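A quick write-up on the structure given underneath.
We name chains A, B, ... by the order of the sequence lines, and we start the count at 1 in each one. Since the structure is predicted, the reported quantities are computational estimates derived from the model, not experimental observations. Computation of the quantities below employed the complete heavy-atom set of this structure, encompassing side-chain atoms and omitting hydrogens, waters and symmetry-equivalent molecules.
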Protein chains: 2
Amino acid sequence: MQPAIATPAIAKEFRSRLLTTSLRFKAGQVIFDEGQKATRWYEVVRGTVRTCRFHIDGRRHLTGFYFSGDVFGADYGYYSTAAEAVTDVTVQCYRVGDISQPGQPKPDLSEAVSILFRAMSSAQKYLFIVGHRTALEKLAAFLLCIHNQNNDDPHLLLPMSRADIADFLGLTIHTVSRTFTELAQRGLIKIEGRHSVVITDKTGLCRLAGEMDNFTNPSADGPIHPAAEFCFPKHPNPET
Amino acid sequence: MQPAIATPAIAKEFRSRLLTTSLRFKAGQVIFDEGQKATRWYEVVRGTVRTCRFHIDGRRHLTGFYFSGDVFGADYGYYSTAAEAVTDVTVQCYRVGDISQPGQPKPDLSEAVSILFRAMSSAQKYLFIVGHRTALEKLAAFLLCIHNQNNDDPHLLLPMSRADIADFLGLTIHTVSRTFTELAQRGLIKIEGRHSVVITDKTGLCRLAGEMDNFTNPSADGPIHPAAEFCFPKHPNPET
DNA sequence: CGCGAAGTTGACATCCGTCAACATGCGTGG
DNA sequence: CCACGCATGTTGACGGATGTCAACTTCGCG
């Protein structure tokens, strides 16, 4: 798992330069719908938000959870997912028009770029979680992700339902439930109610999730271009 | 599946305002490593790139494929994945410093924002694919994604290996292989070699993938805030 | 022609989805 | 405060899908 994404200083500094609106939604309310024109993006101030799509057969598929400080709705053109409030939430709403309309006076876009970088990191993180093979691995990675977002507090609050977790991890609520109890039986977590879990063996969870524990590669600190630079193709490859 | 992400006009227009370097890598070469400082981001000019992470047990996990026009490496802080050339590739390399160093003269960041939006859309798309439950659904969604990126040409070039596809979808090469033949037996695709597939029944593939065929929601064209706006919490919820 | 890498296919075991039953928690109303 | 009902969550049995292991085939390259 990559380190928790702290709000970059630059974003705080320039926050006032983008026009924002503060909004509140009650638990379960829709913030925007799939297919709507993506005219705004959002930052969670308080509470939890989920993004989801629906298959034609009615099955739901969640593509992300967003907590305080996270960004969602940064889509190009049309929203590819809907966004719903998991709990009562307060969000800050940024207008896309502020950056894409050539005529308008432009605010400092450093903040926008910074926000989008954070959103990218979040999406990458989720891709890694969902890509795991077994239910144990997926749930372990999921819990570690929440853990990191909560400043490594072993007491986790899981505001979402089992169904939400299942639809996010590509499992059923039954498997999610069974896997929770198995993690508890293995002594990795302690379940303290529907929305509360304590991590009792973080190393064990990391091993299950297959993650290097807080590993970064400080030696390779970004040389100009690690490998060869201008190398000409020797044998043809199938490519576009 | 969301519509293919066309390169926005604004990006083309302002392309020259960001400093870029054009680089080439041979098939298999590493472009950047997981854990390196994320000092650059990249756009594929020609060829195919994959991003990947490794579990502690050595298993590989791909988080994305990037084709001509796609953006990768837009990470905050450190690269959360490595990037490797699937085929011989030409990439354009953007320096992060160009937008985050306050002292420097700032280029027009509209392009950067536009690029990041596209990268976000791509990540969302991949999340949707990997989140499917069965191997058939995953592979169907994957093929449709490639299909859309190729301007809906039914002839698909799959430059990556079966192992790449497996590590991306969270399956094994055996299951991927079996699923390919099953899709062919069902008459949905025609396999024309290791790196070439023809889609013979797009509707059937869409049904498998659970996607609304090119569905957008033009009626709901983004009202200010679909649901209630300022609503105060009635009952306490577990949240951060 | 021969070798190794990549891909395919089959047999079998395991994991997870399905179905069903039950337990728990929560809100409402008595 | 308790009774009730519904939504949510848990657990078990079973079958099907997928990982594992193994054998074979195909392809590309020397």
Side-chain angles (χ1 to χ4, degrees), chain A residues 26-28 55 57-61 86-87 130-140 142 158-186 189-197 208 210 233-238, chain B residues 26-28 50 55 57-61 86-88 130-140 142 158-186 189-197 208 210 233-238:
Chain A
K26 280 204 273 193
H55 291 230
D57 58 12
R59 266 169 23 203
R60 191 181 62 154
H61 175 208
V86 174
T87 65
V130 177
H132 284 81
R133 292 243 177 88
T134 72
L136 270 172
E137 288 172 359
K138 283 183 181 178
L139 193 56
F142 177 73
L158 302 175
M160 69 293 290
S161 68
R162 297 288 189 262
D164 282 342
I165 298 175
D167 289 344
F168 175 61
L169 298 179
L171 302 168
T172 61
I173 55 171
H174 313 278
T175 304
V176 169
S177 185
R178 272 188 279 258
T179 308
F180 263 111
T181 56
E182 176 157 3
L183 285 177
Q185 285 171 349
R186 292 194 185 192
I189 63 173
K190 188 150 161 283
I191 301 172
E192 297 193 329
R194 296 187 173 182
H195 294 290
S196 176
V197 162
L208 258 187
K234 206 184 65 184
H235 46 79
N237 275 73
Chain B
K26 281 204 273 193
R50 65 177 173 241
H55 291 230
D57 58 12
R59 267 169 24 202
R60 191 181 61 155
H61 176 207
V86 174
T87 65
D88 295 344
V130 178
H132 284 82
R133 291 242 179 89
T134 72
L136 271 171
E137 289 172 1
K138 284 183 181 177
L139 194 56
F142 178 72
L158 302 175
M160 69 292 291
S161 67
R162 297 289 190 264
D164 283 343
I165 298 175
D167 289 345
F168 175 61
L169 297 179
L171 302 168
T172 60
I173 55 170
H174 313 279
T175 305
V176 169
S177 185
R178 273 190 277 258
T179 309
F180 262 112
T181 55
E182 176 157 2
L183 286 178
Q185 284 171 351
R186 292 193 185 193
I189 63 172
K190 187 150 161 283
I191 300 172
E192 298 193 329
R194 295 186 174 183
H195 294 290
S196 176
V197 163
L208 259 186
K234 207 185 64 183
H235 46 79
N237 276 74

Nucleotide of [options] approaching [X] most closely (side-chain heavy atoms):
| X | options | answer |
| --- | --- | --- |
| Thr134(B) | dT11(D), dT18(D), dG7(C) | dT18(D) |
| Thr181(A) | dG17(C), dT8(C), dT11(D) | dT11(D) |
| Ile173(B) | dG17(C), dT8(C), dT10(D) | dT8(C) |
| Arg162(A) | dG7(C), dG17(C), dG9(D) | dG9(D) |
| Ser177(A) | dG19(D), dT10(D), dG17(C) | dT10(D) |
| Arg133(B) | dT18(D), dT9(C), dT18(C) | dT18(C) |

What pairs of nitrogen or oxygen atoms, one from the protein and one from nucleotides 20-22 of chain C, lie under 3.5 Å apart?
none

The helix from dC1(C)-dG30(D) to dG30(C)-dC1(D): angle between terminal helix axes, five bp per end, to the nearest 10 degrees, reads 40°

**OP:** Would you mind reporting whether Leu208(A) and Arg186(A) have side-chain heavy atoms less than 4.5 Å apart?
**Re:** yes

Requested in this report: For residues Leu139(B) and Thr175(B), determine if any side-chain heavy atom of one lies less than 4.5 Å from a side-chain heavy atom of the other.
Outcome: no

Closest non-hydrogen atoms of Phe180(B) and Ile191(B), given as atom of the first, atom of the second and distance, are O-CD1, 3.7 Å

Nearest heavy-atom contact between Arg133(A) and Glu137(A) is N-OE1, 3.1 Å

Protein-nucleotide distance ([X], atom [atom1]; [N], atom [atom2]), rounded to Å:
| X | N | atom1 | atom2 | result |
| --- | --- | --- | --- | --- |
| Leu158(A) | dG25(C) | CG | P | 17 Å |
| Leu183(A) | dT10(D) | CG | P | 12 Å |
| Phe180(A) | dG9(D) | CZ | P | 10 Å |

> Does a distance-only test, which skips hydrogens and angles, find a donor-acceptor pair under 3.5 Å between the side chain of Arg178(A) and the base of dT18(C)?
Replying inline: yes

Name the orientation class of the two ring planes belonging to His55(A) and His61(A) (parallel below 30°, tilted from 30 to 60°, perpendicular beyond 60°).
-> perpendicular

Note to self: Strictly distance-based, threshold 3.5 Å: is any side-chain N or O of Arg162(A) a donor or acceptor partner for the main-chain N or O of Arg194(A)?
What the structure shows: yes

Hey, are Arg60(A) and Asp164(A) close enough for a salt bridge, meaning a charged N less than 4.0 Å from a carboxylate O? yes

Once you apply a heavy-atom cut-off of 4.0 Å, does Arg194(A) come out as touching a base, just sugar-phosphate, or nothing? base

The side chain to side chain contact (heavy atoms under 4.5 Å, CB included) partners of Val130(A) (sequence neighbours excluded) come to Phe168(A), Leu127(B), Val130(B)

Test side chain to side chain contact (heavy atoms under 4.5 Å, CB included), reference Lys138(B), set Thr179(B), Val176(B), Leu169(B), output is Leu169(B)

